[in-house]
Amino acid sequence: MNITKIKMPFLAIFILFLTTSCDNESPTASDPLPEFATISGTITFDGTWPTTGVIALSLSSSWPPTGAPAASMEITSSDLINDMYNYIFDNVSFGDYGAIAVSWLDPDDNNPASNQHIIGSYGGTANYIYGPYFDATSITVSETQYTLTGKDFNADLSMAGQ
């Protein structure tokens, strides 16, 4: 028996096995839908870091933020690289969010209704007539739009303490 005749079927089966067993990176209708979203971006801090109080980043259901945020984290000056902070919110529930905002917690104000001072927000515009930041851009995450990147904005540290 010719050894080439035996090798050819095995080679064909091996190639067929390799090409059909590779993962398909393109999503199909049978792929499972994501359960949560991810939101990320970079915050550029302008000014001098405050000597007192806490700087926090929050994802809030409404604008202006009221009540507990959907997600939050504390930021320290040691978290910055070249005055920038790269953030990521993982496991975000699908829905509409009114703002991603950075605030300063005034340690001398015990009133939760007035002790947070917004110093920056995604899509926000600084306007000191209506308050430090009087608007923000809302975002929506869903099963079809579950990875939002590039949600970059600035935070004005000179507003900490005002």
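Everything quoted here is computed from the prediction, not taken from an experiment. Throughout, residue positions are numbered sequentially from 1 according to the sequence presented.
Residues Val54 and Leu80 do not share a hydrophobic cluster, clusters being chains of Ile/Leu/Val/Met/Phe/Trp/Tyr side chains in contact below 4.5 Å. Ile43 and Leu105 fall into different hydrophobic clusters, where Ile, Leu, Val, Met, Phe, Trp and Tyr side chains are chained together by heavy-atom contacts under 4.5 Å. Both Trp49 and Tyr87 are assigned to one and the same hydrophobic cluster, defined by single-linkage of ILVMFWY side chains at heavy-atom distances under 4.5 Å. Under the 4.5 Å side-chain contact rule for hydrophobic residues, Met73 and Ile119 share a cluster.
A distance of 13.0 Å separates CG of Asp83 from OG1 of Thr42, quoted to the nearest 0.5 Å. Within the model, atoms OG1 of Thr137 and CG of Asp135 stand 7.0 Å from one another, a figure rounded to the nearest 0.5 Å. To the nearest 0.5 Å, atom OG of residue Ser77 and atom OH of residue Tyr85 are 12.5 Å apart. Of the inter-residue distances, the one linking Met159 atom CE with Ile118 atom CD1 reads 10.5 Å to the nearest 0.5 angstrom. Put simply, NZ on Lys151 and CD1 on Ile39 are 8.5 Å apart, with the number rounded to the nearest 0.5 Å. Atom CG of Asn91 is separated from atom OG of Ser93 by 8.5 Å, given to the nearest 0.5 angstrom.
A heavy-atom distance below 4.5 Å is found between the side chains of Trp63 and Ser121. Counting heavy atoms from C-beta outward, Asn110 and Asn115 have side chains that stay 4.5 Å or more apart. Leu148 is not listed as a side-chain neighbour of Thr38, based on a closest heavy-atom distance of 4.5 Å or more. By the 4.5 Å heavy-atom criterion applied to side chains, Ile55 and Thr76 are not counted as neighbours. Side-chain contact between Val141 and Phe36 is absent, with no heavy-atom pair separated by less than 4.5 Å. Between Ser62 and Tyr97, the closest side-chain pair of non-hydrogen atoms is not below 4.5 Å. For the pair Thr44 and Asp46, the minimum side-chain heavy-atom distance is below 4.5 Å. Side-chain contact between Asn86 and Ser40 is absent, with no heavy-atom pair separated by less than 4.5 Å.
Contact detail for Phe45 and Ile75: the closest heavy-atom pair is CZ-CD1, 4.0 Å. Contact record, Ala160 with Trp104: CB-CG, 3.6 Å, taken as the closest heavy-atom pair. For Glu143 against Pro34, the heavy-atom pair with the smallest separation is O-CG, 3.5 Å. When all heavy atoms of Ala136 and Gly98 are compared, the closest pair comes out as CB-O, 4.0 Å.
Under the ring-ring contact (aromatic ring centres under 6.0 Å, His included) criterion, no residue pair touches residues 138-159, with sequence neighbours excluded.
Side chain of Asn82 to main chain of Met84: no donor-acceptor pair is present (N/O by atom type, distance under 3.5 Å, no hydrogens or angles).
The environment of CG in Leu33 is crowded: more than 12 heavy-atom neighbours from other residues, nucleotides or ligands sit within 6.0 Å.
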